[in-house]
Amino acid sequence: MKLFLKTPLQLLLNSILLICAVSAPAETAHSEREKLLDKEILSLYKELSRARELLSYENIISLPNNTTVNFIGKYPNRTGVRIRKFLVDTDPGNKSKMRTSDEKSILLEFNGTTLSKIEISVITEDVQIQQKTKTRILDLTPLDDNVNDMELNFNGLDGSNKFLLSDLSNDPSKSERNDFKKDFYIKFLLDFHSQISSILASQKERGLKGQKNMLQQLNGSLKY
């Protein structure tokens, strides 16, 4: 019986084939994970489109604490809304002295009834060391299937940087893009989805209360 000895080249090829056989399922699972994350983001975009209802209110009557609402354009021809949330940390010994502040906001713009732009901003400032960082995330095509075309801008003490989400590494050994979507972006969108739902509910509640008061007043007028 003749024995066949494997050459170093054959051993190397076998090792490569083995690595590919092991990594292929991991790569597939990682890619599927990203598709699920993208699907969740697109679903949240559609939910956030409910903010368009706010454009129909001439005045926003009630807001949660540390929240502001500003509109793009003038009533009744508004095209967008920006919602800001603030968190201020003051000196325990002097409440009028601010130590740090955090501001996060979302801008939703519409082309008619269609969501046409999403802009997210996160600003952090440490007053004591006079350090301020700002991150802006821009998606100009929020309703297409490509989430990775959003643009990220960062300005801080170390300078500024600008890149597309697609530039982030995204493989099983270094999943920066998936981690960004899972650990930050989806949580951010969920936070503002809850905030928008709360704002809309408070406007409708005030509206129903106003209607009830009007009906009571009309009914009272029948007494004479």
Side-chain angles (χ1 to χ4, degrees), residues 34-88 101-125 132-155 162-166 168 177-178 180-207:
E34 182 170 28
K35 289 179 182 178
L36 290 174
L37 292 170
D38 289 352
K39 186 176 181 181
E40 186 172 356
I41 289 170
L42 292 172
S43 177
L44 282 168
Y45 278 178
K46 291 177 182 178
E47 289 292 326
L48 288 167
S49 296
R50 292 181 57 218
R52 188 177 178 277
E53 293 180 40
L54 292 172
L55 306 184
S56 64
Y57 292 97
E58 186 172 1
N59 297 301
I60 302 299
I61 303 170
S62 178
L63 285 171
N65 292 333
N66 302 319
T67 302
T68 65
V69 172
N70 300 100
F71 294 104
I72 307 300
K74 294 183 178 181
Y75 181 84
N77 300 314
R78 295 166 174 162
T79 59
V81 57
R82 185 187 295 276
I83 300 169
R84 288 186 176 92
K85 296 177 67 176
F86 300 90
L87 177 64
V88 176
S101 68
D102 293 285
E103 173 193 320
K104 54 184 178 180
S105 68
I106 187 167
L107 169 67
L108 301 161
E109 289 194 26
F110 299 87
N111 183 4
T113 60
T114 303
L115 181 65
S116 58
K117 175 182 175 180
I118 291 181
E119 181 181 303
I120 282 173
S121 174
V122 178
I123 301 173
T124 302
E125 184 174 8
K132 186 175 184 178
T133 61
K134 179 178 180 180
T135 302
R136 186 173 70 103
I137 302 167
L138 183 65
D139 195 338
L140 294 175
T141 54
L143 297 185
D144 69 358
D145 293 330
N146 185 12
V147 174
N148 295 329
D149 62 352
M150 69 175 71
E151 181 182 285
L152 291 85
N153 294 269
F154 175 80
N155 286 281
K162 174 177 159 181
F163 55 92
L164 296 177
L165 185 57
S166 58
L168 291 179
R177 195 161 67 233
N178 275 6
F180 167 81
K181 294 174 182 177
K182 175 176 62 73
D183 297 332
F184 170 74
Y185 201 63
I186 288 175
K187 291 179 180 179
F188 188 99
L189 296 179
L190 284 169
D191 182 22
F192 274 91
H193 175 262
S194 175
Q195 194 78 341
I196 290 168
S197 297
S198 177
I199 294 170
L200 284 171
S202 66
Q203 306 315 302
K204 291 176 181 178
E205 183 180 348
R206 285 296 187 94

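On a predicted model such as this, the values are computed, not experimentally measured, just so you know.
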State whether the side chain of Ser43 and the backbone N or O of Lys39 hold a donor-acceptor pair below 3.5 Å, judged by distance alone.
no
Residues 111-118 side chain polar contacts: donor-acceptor under 3.5 Å, at least two apart:
| unit_1 | atom_1 | unit_2 | atom_2 | d |
| --- | --- | --- | --- | --- |
| Ser116 | OG | Glu109 | O | 3.2 |

Considering all heavy atoms of both residues, which atom of Leu164 and which atom of Asn148 are nearest to each other, and what is their separation?
CB-O, 4.3 Å
Non-hydrogen side-chain atoms of Leu152 and Thr135 separated by less than 4.5 Å:
no
Could you give the distance from CG (Leu37) to NZ (Lys182), rounded to the nearest 0.5 Å?
8.0 Å
Side chains of Leu54 and Ile83: closer than 4.5 Å at any heavy-atom pair?
yes
Sorted by chain and number, sequence neighbours left out, side-chain hydrogen bond (donor to acceptor under 3.5 Å, both in side chains) with Lys104 holds for Asp191
Using the salt bridge (Lys or Arg N to Asp or Glu O under 4.0 Å) criterion, which residues pair with Lys46? Sequence neighbours excluded.
none
Presence of salt bridge, Glu34 and Lys181, under 4.0 angstrom
yes
Can you measure from CG (Asp38) to CG (Leu36) and round to the nearest 0.5 angstrom?
9.0 Å
May I ask you to test the Ile106-Leu189 pair for a side-chain heavy-atom distance under 4.5 Å?
yes
Thr141: which residues meet the side chain to side chain contact (heavy atoms under 4.5 Å, CB included) condition with it, sequence neighbours left out?
Asp139, Asp144, Asp149
Does Arg136 have any salt bridge (Lys or Arg N to Asp or Glu O under 4.0 Å) partners at least two apart in sequence or in another chain, and if so, which?
Glu119
Rounded distance (nearest 0.5 Å) linking atom CZ of Phe180 with atom CD1 of Ile186
10.0 Å
In this structure, CG of Leu190 is separated from CD1 of Ile41 (nearest 0.5 Å) by 10.0 Å
Polar side-chain atom of Ser62 near backbone of Ser202 as donor-acceptor pair, under 3.5 Å:
no
Residue pair Leu200 / Glu53: nearest heavy atoms and the distance that separates them:
CD2-CB, 3.6 Å
Measuring from atom CG of Asn155 to atom NZ of Lys162, what distance do you get when rounded to the nearest 0.5 angstrom?
11.0 Å
side-chain hydrogen bond (donor to acceptor under 3.5 Å, both in side chains) partners of Ser166, counting only residues at least two apart:
none
Are Phe188 and Ile137 packed together at the side-chain level, in the sense that at least one heavy-atom pair is separated by less than 4.5 angstrom?
no
Test side-chain contact (heavy atoms from CB on, under 4.5 Å) on Ile72 and Arg82; report intermediate values, then the result.
CA-CA 8 Å; Ile72 307 300; Arg82 185 187 295 276; 5.5 Å; no
Sorted by chain and residue number, the side chain to side chain contact (heavy atoms under 4.5 Å, CB included) partners of Ser198 (sequence neighbours excluded) come out as Pro64
Heavy-atom check, side chain of Leu108 versus side chain of Phe192, under 4.5 Å:
no
Mind checking side chain to side chain contact (heavy atoms under 4.5 Å, CB included) for Lys132 and listing every partner two or more places apart, or none if nothing turns up?
Ile123, Glu125
If the plane angle is over 60° it's perpendicular, under 30° parallel, otherwise tilted; pick one for Tyr45 and Tyr185.
perpendicular
Name all residues meeting the side-chain hydrogen bond (donor to acceptor under 3.5 Å, both in side chains) criterion together with Arg84; count only those two or more places apart in sequence or in a different chain, and write none if there are none.
Asn70, Glu103
Residue pair Tyr57 / Ile199, side-chain heavy-atom distance below 4.5 Å:
no
So how far is it from Phe163 CZ to Glu151 CD, rounded to the nearest 0.5 Å?
10.0 Å
Would you say Val81 and Ile196 make side-chain contact, with heavy atoms under 4.5 Å?
no
Contacts of Asn66 meeting side-chain hydrogen bond (donor to acceptor under 3.5 Å, both in side chains) (sequence neighbours excluded), chain-then-number -> none
Those residues that, when tested against Leu87, pass side chain to side chain contact (heavy atoms under 4.5 Å, CB included) (two or more places apart):
Asp102
If you count every heavy atom of other residues, nucleotides or ligands that lies below 6.0 Å from Asp183 atom CG, does the total exceed 12?
yes
What residues, two or more places apart in sequence or in another chain, satisfy salt bridge (Lys or Arg N to Asp or Glu O under 4.0 Å) together with Glu47?
none
